[in-house]
Amino acid sequence: MNVLHLTCLVCGKTYRPDDVGYVCPDHGDDGVLDVVYDYERIAASLDREAIAGDDMWALRPLLPIGEGAALPPLRIGGTPLYRSPRLAKRVGVAEVWIKDEGVQPTGSLKDRASAMAIVKADERRVEVITTASTGNAAAALAGVAASVGRATVIFVPAAAPAAKVAQLLAYGARVLLVDGSYDDAVELCLRSAEKLDWYNRTTGFNPYMSEGKKTVAHEIARQLDWHMPDAIFVSVGDGCIVGSLWKGFTDLLELGWIGGIPRIIGVQAAGSAFLAEAWANKEDILTKPPIHPETVADSIAAGAPRDRIKAMRAVVESDGAFVTVSDESILAAIPTVASQAGVFPEPAAAASWAGVEVARETGVISAGDRVVAISTGTGLKDIPAAMRAVSGAGAHAHHVAPDLGSVANALEDLTG
Ligand SMILES: *Cc1c(COP(=O)(O)O)cnc(C)c1O
Ligand SMILES: [Zn+2]
């Protein structure tokens, strides 16, 4: 393994991987750890032209896993990056690329982290894996665990969409619906895992989740032939994905494989904008009180983003920005991305495109820019939201009598 040590992002203290559980003992749940690699050693044995494979394990020397690790059989990562000239034209920038994470086995980017959790639980020989989630992390854990026959216990806030809960049950997870907020579900999960000795996948707590998710950055760099875009947009809830982008690009910069890190733009729902507010007002993210999140994009609702330290670092260090988007613009972005690029996003995934539009209007990005937006999860996850989105956009299906005359009339109606 090429890991040097784990560093507490609050105090800077370093730990050997075997000497620490999940967080810095001196800083409790706030003491999120960062995995630090021996880049010199990696550079000596790895050449970017020699990378083979196109799933998330392609850059395995940059992951915290041993030689003998048993990888889950599902194909995780290797998702397409589509160029969309029509979306580029729509906002007036040089290039737009959509990274479609909706095609992951369980339908969201979270599979990358869950695959890592399965490997780490295996390393520690822990039988049961747990997480708290608004839905997608849970589905990812349940699905990847099912592929290797491992037991999962999942804490979900009772308000999570019923369709997402059904997916968990189908994968055979034991699901606990917590009468409370997402943050309550997280607390309960942390306490249960500690008491019952389960492996805990929870985001912003388990330091390895960012390491799985950073593979999306590695892939984007390879898919663009190492020519970095100017800006990369991703929606932000707990802040793990946005932090992982920075980590993934930092890996490549340290190896000398890319010339610089693209500006990382975190997109938050206006009703769940803890990090965007803290960034705009230069607030201390460790003492800022939690907010009461309210957004149609349930996957990015977070009162106190658990991975806020890594998220803020990503945006600040990359000279990026946070932007906020209204629920209306999030819903409107669903049919925009679907009709202009053929990629069908769930609300949280559509938010990244809504963010591109706002960023262009407010001058955060400009006409010459090459832009990547990550579509983090499939629209099939939340069909009721898609139904609201299309009716909000004025799109509707037409009734016709079963004769050609009716068809002709309807078509005239639709095109006229
Ligand atoms: C989890 C999730 C996000 C946000 O990721 P964080 O790491 O919580 O910021 C965005 N979109 C989708 C579809 C997600 O499932
Ligand atoms: Zn510490």
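Both ligands and their constituent atoms are indexed starting at 1 by order of listing. Residue numbers start at 1 and run along the sequence shown.
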Give the atom numbers and elements of ligand 1 that come within less than 4.0 Å of a heavy atom of [X].
| X | answer |
| --- | --- |
| G239 | 6 (P), 7 (O), 8 (O), 9 (O) |
| C240 | 6 (P), 7 (O), 9 (O) |
| S235 | 4 (C), 10 (C), 11 (N) |

Practice task
Heavy atoms only: give me the nearest K13-D26 pair and the separation to one decimal.
Solution key: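 Taking K13 first and D26 second, the nearest heavy atoms are NZ-OD2, 2.8 Å.
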Handout entry: Minimum heavy-atom distance V296-D327, with the two atoms named
Key =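 Smallest heavy-atom distance, with atoms named: N-OD2, 2.8 Å.
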Practice task
List for me each residue that meets side chain to side chain contact (heavy atoms under 4.5 Å, CB included) alongside A139, sequence neighbours excluded, and say none if there are none.
Solution key: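 If we apply the side chain to side chain contact (heavy atoms under 4.5 Å, CB included) test to A139, skipping adjacent residues, the hits are T106, Q167, L168, K381.
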Problem - Aromatic F322 / basic R308 pairing, under 6.0 angstrom, 45° off normal - result: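 No, R308 and F322 do not form such a contact.
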Handout entry: Cation-pi check, K120 onto Y199 ring (under 6.0 Å, within 45° of axis)
Key =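 Geometry flag: not set, cation outside 6.0 Å or 45°.
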Between [X] and ligand 1, which part of the residue brings a heavy atom under 4.0 Å of the ligand: side chain, backbone, both or neither?
| X | result |
| --- | --- |
| E101 | neither |
| N136 | side chain |
| D238 | both |
| E346 | side chain |

Practice task
Determine whether any heavy atom of I300 lies closer than 4.0 Å to an atom of ligand 1.
Solution key: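 Contact present.
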Exercise for the section: Measure the distances from the heavy atoms of V236 to every atom of ligand 1 and state whether one is below 4.0 angstrom. Expected result: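 Judged by the 4.0 Å heavy-atom criterion, V236 does count as contacting ligand 1.
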Exercise for the section: For W257, enumerate each residue passing the ring pair (Phe, Tyr, Trp, His ring centres under 6.0 Å) test, keeping only those at least two apart in sequence or located in another chain. Expected result: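 Result, ring pair (Phe, Tyr, Trp, His ring centres under 6.0 Å) vs W257: W226.
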Practice task
Please confirm whether G237 comes within less than 3.5 Å of ligand 1 when only nitrogen or oxygen atoms on both sides are compared.
Solution key: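 Yes, G237 has an N/O under 3.5 Å of an N/O on ligand 1.
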Practice task
Could you tell me whether some N/O pair between T203 and ligand 1 is separated by less than 3.5 angstrom?
Solution key: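 It does not: no N or O of T203 is found under 3.5 Å from an N or O of ligand 1.
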Practice task
Name all residues meeting the side-chain hydrogen bond (donor to acceptor under 3.5 Å, both in side chains) criterion together with Q104; count only those two or more places apart in sequence or in a different chain, and write none if there are none.
Solution key: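 So Q104 forms a side-chain hydrogen bond (donor to acceptor under 3.5 Å, both in side chains) with E101.
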Handout entry: Closest to atom 11 (N) of ligand 1 (judged by heavy-atom distance), picking from D382, I241, T376, I374
Key =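 Answer by nearest heavy atom: T376.
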Handout entry: No-hydrogen, no-angle side-chain donor-acceptor test under 3.5 Å, S299 and N136
Key =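 There is such a pair (donor and acceptor under 3.5 Å, judged by atom type) between the side chains of S299 and N136.
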Handout entry: Result of checking I374, V267, V337 against W353 for side chain to side chain contact (heavy atoms under 4.5 Å, CB included)
Key =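 So, applying the side chain to side chain contact (heavy atoms under 4.5 Å, CB included) to W353 and each of I374, V267, V337, only V337 qualifies.
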Handout entry: Parallel, tilted or perpendicular: rings of H396 and H398 (30°, 60°)
Key =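 Plane angle under 30°, so parallel.
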Problem - Check: E317 and F249 side chains under 4.5 Å, non-hydrogen atoms - result: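 No. Closest side-chain heavy atoms not under 4.5 Å.
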Handout entry: Atoms of the protein (N/O/S only) found under 2.8 Å from the Zn ion (ligand 2)
Key =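 As for protein N, O or S atoms lying under 2.8 Å from the Zn ion (ligand 2), they are C8 SG, C11 SG, C24 SG, H27 ND1.
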Handout entry: Rounded distance [0.5 Å steps], CG in L224 versus NZ in K99
Key =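 If I round to the nearest 0.5 Å, the distance is 9.0 Å.
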